[in-house]
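First up is the structure itself, then whatever we jot down about it.
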Amino acid sequence: MNRRIFLKSAAAGVAAAGLPQIVRAEVLRSPGPNSRVTLGVIGCGNQAPVDLAEFLRIEQVQVVVVCDVNRASHGYKTPEQYLGREPVRDLVTAHYAKMTRSGTYRGCDMTADFREVLARKDVDAVAIITPDHWHAIMTIWAAAAGKDIYCQKPLGLTIRDGQEMIRAVRRHRRILQTGSQWRSTPVIRRFCEAVRNGAVGRPLKVRTLVAPNNFKGPGPGWQPAPVPEGFDYDMWLGPAPLAPYHPDRCLYRFRFISDYSGGQTTNFGHHSNGVAFWALGLDDTGPLEVWNLGAEWPPKGDLFDTATKVHFGARFENGVELECVTDKRQFGVRIEGTDGWIETDGRTITASSPAIETWEPGPDAVRLYDSPNHYRNFIECVLSRKEPAEPVEVGHRVTSVCHLGNIAMKLDRRLRWDPKAERFVDDETANAMLSRPHRAPWSYEVPA
Ligand SMILES: NC(=O)c1ccc[n+]([C@@H]2O[C@H](COP(=O)([O-])OP(=O)(O)OC[C@H]3O[C@@H](n4cnc5c(N)ncnc54)[C@H](O)[C@@H]3O)[C@@H](O)[C@H]2O)c1
């Protein structure tokens, strides 16, 4: 059945019954033409339409509910963006309406409370596209509710967040895909395979890029503002400390405030460091040392407090040194080895010689996980129960090196790290930064 006919008949079936036709993912252990995965989307901001467009393209997916604490507002990353649960619900509904003759199909519910999404028996999987300070609790609670999870990167706000996410996902035998799409990008796979197969000899150095901050904070002396109508600010803050509302705190700009995010270190750093980890085979470990190389910060008293210039170093057991730095190219990974260098900007590969640049795997080459589409890969794994391209442990290790970089830049000293114990060596100040308290009633503990 082609996609168009499938969606048309699926939508017609739903319209006739008045309710979505649901088949629970748990009973679907292998993909078939009629297998469906019902999806709830939590967080309807800047990234949600990007992720949704991909999910809506997949025949087996039915988006049944979207959730956001924000009803609707303008101007997220760009002044044109109009987002929140209502506009995003309308986007999904319009998509499904196009699939029926009458055009009246109402295919998607909405709610302001993610607990309602988790309580629904007709939701197989959730996409968590909220700010980072919510990722861990939502993932842990979703896993306990039997949902599979597409969780946007980074995997949490702290190292402890990631550890708790792993525990919950494994305990409840869920599929979790970390939402960093580079693991499903063919040019990146080729780049990583070239390195793994020795195209540059023994790797010595890796340089990863993160984007400069694209917004400035309101500066010292900023004043609180009234909470906009239709915005549940308390629920937006959730486990984060209580703080006065300011528009620069929440939508999109949360990424520059350390109560909710790790700044561009974790935002873009998860992307470029994730590629470095894949290329260098570091997915199950972390650095032995991490240090500041000259981070810069916003002025004291500004609302924004994450690094305006990211620059840290790290050294791994195999001797490779990583340098992560802010660069206007936004994304890039360069690996230098004993026999040359190779670099990618995500679209192309350049190298010190044509032989490295055009490297192709031979019959005996080490091959890496093959996923041409991150979202399809997630859905396929929900149906097959296989491991996705970036499972929770890998997402955690990649996010971890970003957190470690942030801690080293903040403390401005060389830190020794034990990647097995996931603790700093002889540094209790740094160890105290591995977790954060949660504002009640929010916690990792799943409510009975
Ligand atoms: N993979 C990528 O390339 C990529 C790109 C952009 C963003 N992201 C990630 O996506 C996540 C969201 O980023 P964004 O740019 O969309 O931010 P955003 O602020 O534009 O959107 C987040 C949305 O979550 C909502 N939200 C907050 N608390 C909520 C709660 N308790 N329940 C329901 N909704 C809640 C907010 O109201 C907002 O609409 C971040 O973790 C970010 O790192 C990934």
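Counting starts at 1 for both ligands and their atoms, following the listed order.
- Near M138, the atoms of ligand 1 lying under 4.0 angstrom from a non-hydrogen atom of the residue are 30 (C), 31 (N), 32 (N).
- For atom 3 (O) of ligand 1, the closest non-hydrogen atom on the protein side is Q181 NE2, 3.0 Å.
- For an aromatic pair to be called close, the ring centres must be under 6.0 Å apart, and F304 with F254 fails this.
- Each of the atoms 1 (N), 2 (C), 3 (O) of ligand 1 lies under 4.0 Å from some heavy atom of H271.
- In terms of polar-atom proximity, defined here as any N/O pair under 3.5 Å, M235 does make such a contact with ligand 1.
- Proximity of the aromatic rings of W236 and Y245 is defined here by a centroid distance below 6.0 angstrom, and this criterion is not met.
- Judged by the shortest distance from any of its heavy atoms, Q81 lies outside the 4.0 Å radius around the atoms of ligand 1.
- R255 NH2, 3.4 Å is the protein heavy atom nearest to atom 7 (C) of ligand 1.
- Closest heavy-atom approach to atom 10 (O) of ligand 1 within the set K77, Q152, R253, R115: this belongs to Q152.
- Considering only heavy atoms from C-beta on, I129 stays 4.5 Å or farther from W134 through its side chain.
- Under a 4.0 Å criterion applied to the non-hydrogen atoms of P154, ligand 1 contributes the atoms 43 (O).
- The nearest pair of heavy atoms linking L91 to P49 is CD1-CB, 4.4 Å.
- Backbone and side-chain nitrogen or oxygen atoms of Q47 are examined, and one is located within less than 3.5 angstrom of a nitrogen or oxygen of ligand 1.
- Nearest approach of V123 to K147, heavy atoms of both residues: O-NZ, 2.8 Å.
- Close N/O approach between S180 and ligand 1 is not found [any backbone or side-chain N/O within under 3.5 Å].
- Using a 4.0 Å cut-off to heavy atoms of N267, the atoms of ligand 1 that qualify are 43 (O).
- In terms of protein heavy-atom proximity, atom 17 (O) of ligand 1 is nearest to F254 CE2, 3.2 Å.
- Looking only at heavy atoms of the protein, atom 18 (P) of ligand 1 is closest to Y252 N, 3.6 Å.
- Of the options D51, V88, I137, D68, the smallest heavy-atom separation from atom 23 (C) of ligand 1 is shown by D68.
- Look at R85 and D90 and you find no salt bridge, because none of the NZ, NE, NH1 or NH2 atoms lies under 4.0 Å from a carboxylate O.
- Less than 6.0 angstrom separates the ring centroid of Y150 from the ring centroid of F55.
- Judged by the 6.0 Å distance and 45° axis criteria, R413 is not positioned over the aromatic ring of W291.
- The proximity of D113 to ligand 1, defined as any non-hydrogen pair under 4.0 Å, does not occur for either the backbone or the side chain.
- For atom 27 (C) of ligand 1, the closest heavy atom belonging to the protein is W236 CD1, 3.2 Å.
- Atom 21 (O) of ligand 1 has as its closest protein heavy atom G45 CA, 3.3 Å.
- Residue K153 touches ligand 1 through backbone and side chain together, judged by heavy-atom distances below 4.0 Å.
- Proximity of C44 to ligand 1, defined as any heavy-atom pair under 4.0 Å, is confined to the backbone N, CA, C and O atoms.
- Taking a cutoff of 4.0 Å between a charged side-chain nitrogen and a carboxylate oxygen, E323 and K205 do not qualify as a salt bridge.
- Proximity of the aromatic rings of F268 and F331 is defined here by a centroid distance below 6.0 angstrom, and this criterion is not met.
- Of all atoms in ligand 1, listed by their number and element, those nearer than 4.0 Å to a heavy atom of Y76 are 20 (O), 39 (O).
- Against a heavy-atom cut-off of under 4.0 Å, G179 is close to the following atoms of ligand 1: 1 (N).
- Among all heavy-atom pairs drawn from R120 and D109, the shortest one is NH1-OD2, 2.8 Å.
- Using cut-offs of 30° and 60° for the angle between ring planes, the F114 and W141 rings count as tilted.
- Of all atoms in ligand 1, numbered sequentially from 1 with element shown, those under 4.0 Å from a heavy atom of N46 are 14 (P), 15 (O), 16 (O), 18 (P), 20 (O), 21 (O).
- Each of the atoms 22 (C), 24 (O), 26 (N), 27 (C) of ligand 1 lies under 4.0 Å from some heavy atom of P131.
- Looking at atom 12 (C) of ligand 1, its nearest protein heavy atom turns out to be I129 O, 3.3 Å.
- In plain terms, the two heavy atoms of T326 and P212 that are nearest each other are CG2-CA, 3.5 Å.
- Note: W278 and Y369 fail the aromatic proximity criterion, with ring centroids not under 6.0 Å apart.
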